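These figures come from a predicted structure and were not determined experimentally.
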Amino acid sequence: TDSQRQSLARSMPALLAALEEAATPDQSLVHLDQYLHSGPGPEQTLAYLADHPRAVEILVRLFVGSSYLTQVLQQNPGYLARLTQYNQLSEIKSREQFLHEGLVACAAARDWSAALTELRRFQKWELLRIATCDKFGLLDFKAATLQLSLLADGIVQALVQLASQELRIDAGEFCVLAMGKLGGEELNYSSDIDLVFLCEGDSGRFLALAQRLIRGLSDPSANGFFYRVDMRLRPWGRAGALVEAEDEDGVALAYLLAPDGGGTKLAGGVQVVTPASPLGAALLGKRAGDEVELKLGGRPRVLTITRVW
């Protein structure tokens with residue numbers, strides 16, 4: 001439309017200046033076109049960009065640096081105005097501050113699903129805020145990765161609290177250890193997070209909490225997911241996985257691969273098996289969708305793996 005062309009012409013000097021410094025200007029233009037059609041509409045967005053040249057520079061820098069950040073901004077187009085106007089963009093936050101602000105963001109949520117939605121919105125905003133500071137030199141690389149790591153810590157702690165309240169489980173004897181890049185406080189914008197769970201006493205008490213936490217962190221939704229979670233960093237390697245399966249009759253089964261304690265029954269119907277046993281050896285290294293053929297109780301059985309934790 002004429003108004004769109006006028007707004008584009010007004011924003012052109014800032015756009016050309018930003019593209020001139022961009023490493024991949026063609027890619028930035030493609031992402032800009034996608035962004036224009038992801039929010040309230042090209043006309044309103046172009047008018048905003050024409051009135052706020054700083055917003056044009058923010059867009060181009062974020063679009064060049066990361067396809068992940070581009071996707072986050074396209075899913076949350078309203079965050080551009082917040083980035084442009086926010087007075088404390090380069091604020092350094094502690095782990096406790098991220099936790100507190102995350103819980104405040106979802107305090108009014110009616111249920112678990114609504115709480116996840118609000119907490120994801122909080123996380124996406126913080127990711128974009130940190131990334132903008134990173135791209136404009138307001139944070140150096142070490143400070144940016146530390147802030148990303150502390151944000152992830154806060155999100156995990158918030159989900160432990162929310163999940164334990166939802167399930168009415170006392171999480172006082174449940175501990176989440178961060179390994180890998182998160183444990184070293186070197187997380188980047190699209191890193192997996194490597195976690196290990198520890199608890200006091202019978203681990204079966206916390207099985208539902210652990211499952212709820214992993215699903216809350218990694219299951220996709222309309223506004224994305226928090227983090228991909230890797231639970232395979234254990235002292236004995238892949239042994240230690242929780243394997244869910246179905247037999248040929250559709251009966252649900254659950255096995256915990258562990259270095260010892262084979263035959264032990266845990267809460268929730270989970271059976272401990274060791275890698276040295278025929279069943280444990282057959283399950284070791286399997287993924288969701290794989291089939292396992294073996295003899296159990298003296299008769300041939302076929303198990304279909306439905307999920308591996």
Within 45° cone and under 6.0 Å: [X] NZ/CZ vs [Y] ring:
X      : Y      : result
Arg82  : Tyr79  : yes
Arg61  : Phe136 : yes
Arg212 : Trp112 : yes

So, do [X] and [Y] sit near enough that their side-chain heavy atoms are less than 4.5 Å apart?
X      : Y      : result
Asp219 : Phe225 : no
Thr45  : Tyr35  : yes
Tyr48  : Thr84  : yes
Cys106 : Leu162 : yes
Leu127 : Leu148 : yes
Lys286 : Glu291 : no
Val272 : Leu257 : no
Phe98  : Ile155 : no

Same cluster or not: are [X] and [Y] linked, directly or through other Ile, Leu, Val, Met, Phe, Trp or Tyr residues, by side-chain heavy atoms under 4.5 angstrom apart?
X      : Y      : answer
Met12  : Leu36  : yes
Leu146 : Phe141 : no
Val156 : Leu167 : yes
Val302 : Ile305 : no
Leu150 : Leu138 : yes

As an exercise, state the distance from [atom1] of [X] to [atom2] of [Y], rounded to the nearest 0.5 Å.
X      : Y      : atom1 : atom2 : result
Ser3   : Glu43  : OG    : CD    : 3.0 Å
Leu217 : Leu159 : CG    : CG    : 5.0 Å
Leu49  : Arg54  : CG    : CZ    : 14.0 Å
Cys133 : Ile92  : SG    : CD1   : 7.5 Å
Leu73  : Leu128 : CG    : CG    : 5.5 Å
Leu294 : Arg299 : CG    : CZ    : 10.5 Å

- Does the side-chain contact (heavy atoms from CB on, under 4.5 Å) test come out yes or no for Leu151 and Phe122, once each step is laid out? CA-CA 10 Å; Leu151 171 62; Phe122 165 77; 4.1 Å; yes

Check this for me, if you would: do [X] and [Y] make a salt bridge, where the nitrogen-to-carboxylate-oxygen distance has to be below 4.0 angstrom?
X      : Y      : result
Asp290 : Arg287 : no
Lys93  : Asp153 : no
Glu185 : Arg95  : yes
Arg129 : Glu91  : no

- Query: What about Phe174 and Phe197, are their ring centers closer than 6.0 Å?
  - Reply: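 They qualify: ring centres under 6.0 Å apart.
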
- Carefully, step by step, assess Val243 and Leu253 under the rule side-chain contact (heavy atoms from CB on, under 4.5 Å). CA-CA 8 Å; Val243 180; Leu253 304 167; over 6 Å; no

- Task: Would you please test Tyr227 and Leu182 for side-chain contact (heavy atoms from CB on, under 4.5 Å) and show each step?
- Result: CA-CA 11 Å; Tyr227 303 99; Leu182 178 56; over 6 Å; no

- Query: Between Thr306 and Glu246, do the side chains contain an N or O donor and an N or O acceptor separated by less than 3.5 Å?
  - Reply: no

- Message: Between Gln157 and Gln161, do the side chains contain a donor N or O and an acceptor N or O under 3.5 Å apart?
- Response: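 Note: Gln161 and Gln157 side chains miss the donor-acceptor criterion.
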
- Message: Can you tell me which residue among Leu80, Asp134, Val72, Leu83 is in a side chain to side chain contact (heavy atoms under 4.5 Å, CB included) with Leu62?
- Response: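 So, applying the side chain to side chain contact (heavy atoms under 4.5 Å, CB included) to Leu62 and each of Leu80, Asp134, Val72, Leu83, only Leu83 qualifies.
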
Tell me the closest heavy-atom pair linking [X] and [Y], and the distance in Å.
X      : Y      : value
Arg301 : Asp247 : NH2-OD2, 3.0 Å
Ala171 : Leu209 : CB-CD2, 4.0 Å
Ala22  : Ser28  : CB-OG, 4.4 Å
Ala158 : Leu99  : N-CD1, 3.5 Å
Gln74  : His31  : NE2-O, 3.7 Å
Glu186 : Ser149 : N-OG, 3.3 Å

Measure from the side-chain N and O atoms of [X] to the backbone N and O of [Y], and report whether any donor-acceptor pair falls under 3.5 Å.
X      : Y      : result
Ser94  : Gln97  : yes
Ser164 : Val160 : yes
Ser7   : Gln4   : no
Arg228 : Ser190 : yes

- Query: Stepwise, does the side-chain contact (heavy atoms from CB on, under 4.5 Å) test hold for Asn188 with Lys181?
  - Reply: CA-CA 8 Å; Asn188 61 41; Lys181 288 185 176 181; 3.4 Å; yes

